[in-house]
Amino acid sequence: MGEGRKDKNKMKILLLGSGGREHAFAWKLTQSPLCEKLFIAPGNAGTLQHGENVAIGVNDFDAIEKFVLENEIDLVVVGPEDPLVNGIYDYFLSKAELKNIPVIGPSKTGAQLEGSKAFAKQFMVRHHIPTAAYGEFTIENLEDGFDFIDEQTPPIVLKADGLAAGKGVLIIEEHGEAKENLREMIEQNKFGKASAKVVIEEFLKGIEFSVFVLTDGVDYKILPNAKDYKRIGEGDTGLNTGGMGCISPVPFVDAALMRKVEERVVIPTIEGLKKDNIVYRGFIYIGFMNVDGEPHVIEYNCRMGDPETEIVLPRIKNDLVELLVAVGNGTLAKENIEIDERACATVIVASGGYPRDYEKGKEITGIASVGSSSEQGNTIVFHAGTKRDGDKVLTNGGRVLAVTSYGKDIHEAVATSNAAIEKINFEGKYYRKDIGYEFR
Ligand code: AMP
Ligand code: GLY
């Protein structure tokens, strides 16, 4: 891909998605002199500050094809996992008129690293990448699954094989309850088709962190690391969410740990993709458990994280369009990643009730007093679940805003975001004030 487009300097870019991640991408892509025009499908009230929102769903490949051809799009950047797992990369490759337009993201098979936990585990075992010991079970060997559970020391980790919107992982203290849940997952479709197959894993005790890799399938660049806070309540209590905030860099992730990450995981992953003939040109998000200084892979995602993108991209000084063009052309080796020395934190402002039921359509005030995403102060307000209504901005989701700040360290960055959030209001506003708490 990419051939024949290299002589054109200015690019029209289509970005797929509508969350805080996509606002951060829009903010960063449009800083590039190479970006002539950005379209976001479907976007939110924040992406509107940087381009034109188009009412097309991320999985509507026919509508995306028509739009790309009519608007002479030169580059497609995919935010969420769904279109990747559904094969948008292969769809473009299969069409004569689309195949020269780079799609940033893996092939359908590559996206299985996120789309199937069993696929990811088999890949890691095949390429000797450190991860928890596991077994995989379906209706065919359910009884073996019960025996496997009996052999585990609790807590027992059950994972639906397929995509389950971040809800498909259960961590259970007791053998009987684990068996009951295994039965419900496999026999009663507890997570729909996603749990027809279940991966059961050894429990790893440690602290999590995330590493992001950009690859053109030949070379790779390691991007700033991050740690996210998934629970709704302070002190990591309560229900799991899509993420309530995150920090970068992660204090305990030192050069020695990163060397292990690179040698034992990143290089074998890139080499493994090559050996298996899996086409992968995009971002890889690797979730780790640090077990006494030894990094183990918990999961792969075939995309950037949300809210991780809202701190990773602000810490990258490079022209992002230039990097993504290099990914499309297979020339990433020539690029040097430059990282901002400052720390970054983002704090999610959520609708009251999230991740359970919450109301939408509340007017948001005060964003302008903090600084919009087009300004370059210490704080950037990225929109997640928002929509524009005339000159008002309304809440339109559980996670409403991601307020990112720079600081000399993560604590200063968090304090700056928290102070900014005090100036922003909507009915039911909720945020965690303790992001980064365990490193104080
Ligand atoms: P995943 O969707 O695979 O990232 O799992 C969701 C969360 O479950 C992770 O972020 C971890 O907090 C936890 N988890 C997953 N696998 C394990 C494991 N093998 N040991 C301990 N915790 C785990
Ligand atoms: N913040 C977690 C994710 O994007 O998967």
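All ligand and atom numbering here is 1-based and tracks the order in the structure.
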Practice prompt. May I ask you to decide if Val157's main-chain N or O and Glu201's side chain share a donor-acceptor pair within less than 3.5 Å?
Written response: no

Worksheet, complete the sentence: dist Thr309:OG1 -> Phe382:CZ (nearest 0.5 Å) comes out at 9.5 Å

Worksheet entry | Location of contacts on Arg303 toward ligand 2, heavy atoms closer than 4.0 Å | side chain

Item to complete: Kindly confirm or rule out a cation-pi arrangement of Lys227 over Tyr229, judged by NZ or CZ under 6.0 Å from the six-membered ring centre and within 45° of its axis?
Response: yes

Practice prompt. Quick one: look up the protein heavy atom nearest atom 2 (C) of ligand 2 and list residue, atom name and how far away it is.
Written response: Tyr285 OH, 3.4 Å

Worksheet item: With a 4.0 Å heavy-atom cut-off (strictly under), which part of Arg21 contacts ligand 2: side chain, backbone, both or neither?
Response: neither

Discussion item. Working to the nearest 0.5 angstrom, can you tell me the gap between Tyr285 OH and Asn301 CG?
Written reply: 5.5 Å

Worksheet item: Just how far is it from atom CD1 of Ile56 to atom CD1 of Ile40, taken to the nearest 0.5 Å?
Response: 12.0 Å

Discussion item. Suppose we call two aromatic rings close when their centres sit under 6.0 Å apart. Are Tyr430 and Tyr358 close by that rule?
Written reply: no

Item to complete: Would you check if the side chain of Ser107 reaches a backbone N or O of Gly110 as a donor-acceptor pair within less than 3.5 Å?
Response: yes

Discussion item. Any atom of ligand 2 sitting under 4.0 Å from a heavy atom of Gly305?
Written reply: yes

Worksheet item: Hey, which atoms in ligand 2 end up nearer than 4.0 Å to a heavy atom of Gly242?
Response: 1 (N), 2 (C)

Worksheet, complete the sentence: From the list His383, Glu310, His50, side chain to side chain donor-acceptor pair (under 3.5 Å) with His23 holds only for His50

Worksheet entry | side chain to side chain donor-acceptor pair (under 3.5 Å) against Lys274, all qualifying residues, sequence neighbours excluded | Glu271

Response to the item:
If we number the atoms of ligand 2 from 1 as shown, the ones under 4.0 Å from a heavy atom of Asp228 are 1 (N), 2 (C)

Discussion item. If only side-chain N and O atoms count, and only distance matters, is there a donor-acceptor pair under 3.5 Å linking Thr47 with Asn53?
Written reply: yes

Fill in: Atom indices of ligand 2 within 4.0 angstrom of Glu308 heavy atoms, with elements
1 (N), 2 (C), 4 (O)

Item to complete: Non-hydrogen atoms closer than 4.0 Å to ligand 1: which protein residues do they belong to? List them by chain and number, please.
Response: Lys117, Ala132, Val157, Lys159, Val169, Ile171, Glu201, Glu202, Phe203, Leu204, Glu208, Lys230, Met289, Ile298, Glu299

Item to complete: Looking only at distances, please establish whether an N/O atom of ligand 2 is found under 3.5 Å from an N/O atom of Gly243.
Response: no

